[in-house]
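Please read all numbers here as calculations on a predicted model, not as lab measurements. Convention: sequence-line order gives letters A, B, ...; per-chain numbering from 1.
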Amino acid sequence: MPYYDVSIPLKLKILTYYDERDEDLTGYAVKVPLKNRLCYGIVIEKRKEKPEEVESIKKIEKVLGWIYSKNFIDFLRWMSFYYICELGSIVRLTFFDELIAFLEGKTGKPRGSKHSKNRLIEKIAVNEQTLATILEAFKIRDYRAFLLHTPNVSYEKSLFLHIAEMVSFMEGQVLFILPEIREVESLYHSIVDRIGDKAVMLHSEMRTSEKLKSIERLMKENIKVIVGTRFALFTPTKNLSLIALSQESSWLYKAEEAPRYHTRESAIMRGFIEKCPVVLCDTMPSVSSFWNSTKGKFEYIDDFNRYPHPEILILKQPLSSIFHPEALLNLKLNKKEGVIIVSPRTGFSLLRCSECGEVIKCQGCGGSMLFHKEKNFTECKRCNSTEKTPEFCPTCGGAELHYVGTGTERLLEELKKTISDSDVILKDYSIDDEQIEGISITTSAKLKKSSVHIFKTAVFVDFDFFLSLPDYRALENAFSKVLSLCHLIRNDGNITIQTRNPENEFFRYLKSYDFKGFYHYELKHRRETLFPPFVRLIKIVLKTNKKNTTEKLDEIKNLIKEKTKADLIGPLGNRDESKFSYILRSQNKKELTEAVNNCIKWLRKMRGIEIVVEVDPANLKQ
DNA sequence: AGCACGCCGACT
DNA sequence: GTCGGCGTGCTC
């Protein structure tokens, strides 16, 4: 009797069923009994023997049809192993419900005629050599990985448009992934505008019936291009020949719900397993990707220098004023042509006690309190709480509090004082702004790589904020912030960065756009301090509802330590509270993943404890 | 004792 | 995800 291992898209282990047919049903969607109801699942493997520990095996109720290739299933298995989660949780990512609906004969509705106000993407010239290399890889249809260093995001989108046009008459399918839904929509419409009905779109804001329509068309029609956000990476395809990611370093590529996969790593593995080339694009490639290119895992293509970039000036942040005289002069000279001033924070400033030197902190979480001058209150951005502005230092009782740092509110106040001309427009920068004259003010959080050059000059105040963040990626993020700002500045313009520490080696690389110098500097530091890419980090979050005894918690800690033999950091978070976490670190990456997979099985056997695992965590706190 | 409710584990 | 088992606690 043939047996079949079936994965049901639930947090459930793989179950075995039997069927009279002795075919290989691997990759077939099936309907199977589970307890006293029927569920849909996917056959992941045929087996000759039934599993020993199970006495009764139920029969497959119905075989619906083939949907997944063996390679695709192998990719899903790798995801389940690498991200340490049930295969069912991965199958859930693969548009399984839509595929079942399609197999059951349901049809979707195309999106309404809501013609989005998205502008179509203008196609600019790209490096012919780069395009030829990618198309060659597409034709050969074997695994290769490219790290394409692009001059800006428009270049990436134009390249995608060029590729779409070229492949629309060729054999094979391409998958374009972009971080944001708006970008997906505009690229999709631009592609449809050029190649017609040979593309589908997939992103999380689409209605179920729209997603069903896309999947249906993918199954029935001759679709050449799939454009989507990160979850489109799990689209089952017939003939995948290229995967391309725009802005590979974007933090939006890290999924925030379980399974917390990273799109870049997953895309590389999908390409490797399904034997198709992968192109990672970015203007500021991640340190991890650069490392892979130095190890020969990725082929590095440098198109960054095909376009000129604005000059970067590093100036010392004065103690007594907000702007360096030279920055102020620059700002006054260029205000007609458009100036943008960037601060790391909204609000007015932080508050510091002149006596004890302590910055006012949040009582609850210990984050710095942001002072809003006009409305006179303080705010903790970390835990979203507000307080009255304190009159005395809560630490020492000191009566004198002074401002530290410069938020947008303070910038506005300062500029109103310094630039007295009545014709100067002062405004908050918005991404849709058409008008650029005058002085715009914004926070760094609003800067995106996908913006376009408009301003003549920029001043970045309080830049040290980015260098002091307690995150091992602080420097690469800081570098990346400046490049996002670059995109807003005309090529003949300039960017001034104010820092208390202009001698910092970091700025030497930044001002000359010396990426390689920066990466090597950063990698040296990561190697010494044992951070990725030299180690793998895995976070284990434990939630307990009952008051577990200290001995029990120690038992868990020892179990993890013993089973994984890795460096164990933690517990982080309060032990008295119900939620706390450990971070495991090891240079033997694969061994660590294997050990944690094994360890989790033991932990799940313990009662009253919920475990969440996060591989390559985005955040090392709590 | 009898029943309602909620948590937790199993599901092939 | 969903069902049922079982423990807790309240009521007749």
Donor-acceptor pairs under 3.5 Å, side chain of residues 72-96 of chain A to any protein atom, not counting sequence neighbours: which ones?
unit_1	atom_1	unit_2	atom_2	d
A:Arg77	NH2	A:Glu45	OE1	3.2
A:Ser80	OG	A:Cys85	O	2.8
A:Tyr82	OH	A:Asp616	OD2	2.7
A:Tyr83	OH	A:His262	N	2.9
A:Ser89	OG	A:Glu86	O	3.4
A:Thr94	OG1	A:Tyr68	OH	2.4
A:Thr94	OG1	A:Val91	O	2.6

Going 5' to 3' along DNA chain C, which are the first and last nucleotides with any atom under 4.0 Å from a heavy atom of chain A?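 Answer, 5' to 3': C:dG1 to C:dG4.
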Could you check whether A:Lys565 pairs with A:Glu591 (Lys NZ or Arg NE/NH1/NH2 to Asp/Glu carboxylate O, under 4.0 Å)?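 Judged by the 4.0 Å cut-off on N to carboxylate O distance, A:Lys565 and A:Glu591 do not form a salt bridge.
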Side chains of [X] and [Y]: is there a donor and an acceptor less than 3.5 Å apart?
{"X": "A:Ser286", "Y": "A:Glu248", "answer": "yes"}
{"X": "A:Gln363", "Y": "A:Glu387", "answer": "no"}
{"X": "A:Asn71", "Y": "A:Ser69", "answer": "no"}

Among residues at least two apart in sequence or on other chains, which ones pass side chain to side chain donor-acceptor pair (under 3.5 Å) with A:Asp471?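 Side chain to side chain donor-acceptor pair (under 3.5 Å) list for A:Asp471, sorted by chain: A:Arg473.
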Protein-nucleotide distance ([X], atom [atom1]; [N], atom [atom2]), rounded to Å:
{"X": "A:Leu15", "N": "B:dA10", "atom1": "CG", "atom2": "P", "value": "13 Å"}
{"X": "A:Glu86", "N": "B:dC11", "atom1": "CD", "atom2": "P", "value": "13 Å"}
{"X": "A:Lys58", "N": "B:dC11", "atom1": "NZ", "atom2": "P", "value": "10 Å"}
{"X": "A:Glu610", "N": "B:dG9", "atom1": "CD", "atom2": "P", "value": "11 Å"}
{"X": "A:Ile8", "N": "B:dA10", "atom1": "CD1", "atom2": "C1'", "value": "12 Å"}
{"X": "A:Ile14", "N": "B:dT12", "atom1": "CD1", "atom2": "P", "value": "15 Å"}
{"X": "A:Asn36", "N": "B:dT12", "atom1": "CG", "atom2": "P", "value": "9 Å"}
{"X": "A:Ile611", "N": "B:dC8", "atom1": "CD1", "atom2": "P", "value": "13 Å"}

Hey, is the side chain of A:Lys13 pairing donor to acceptor with the base of B:dT12 inside 3.5 Å?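 In this structure, the two groups form a donor-acceptor pair.
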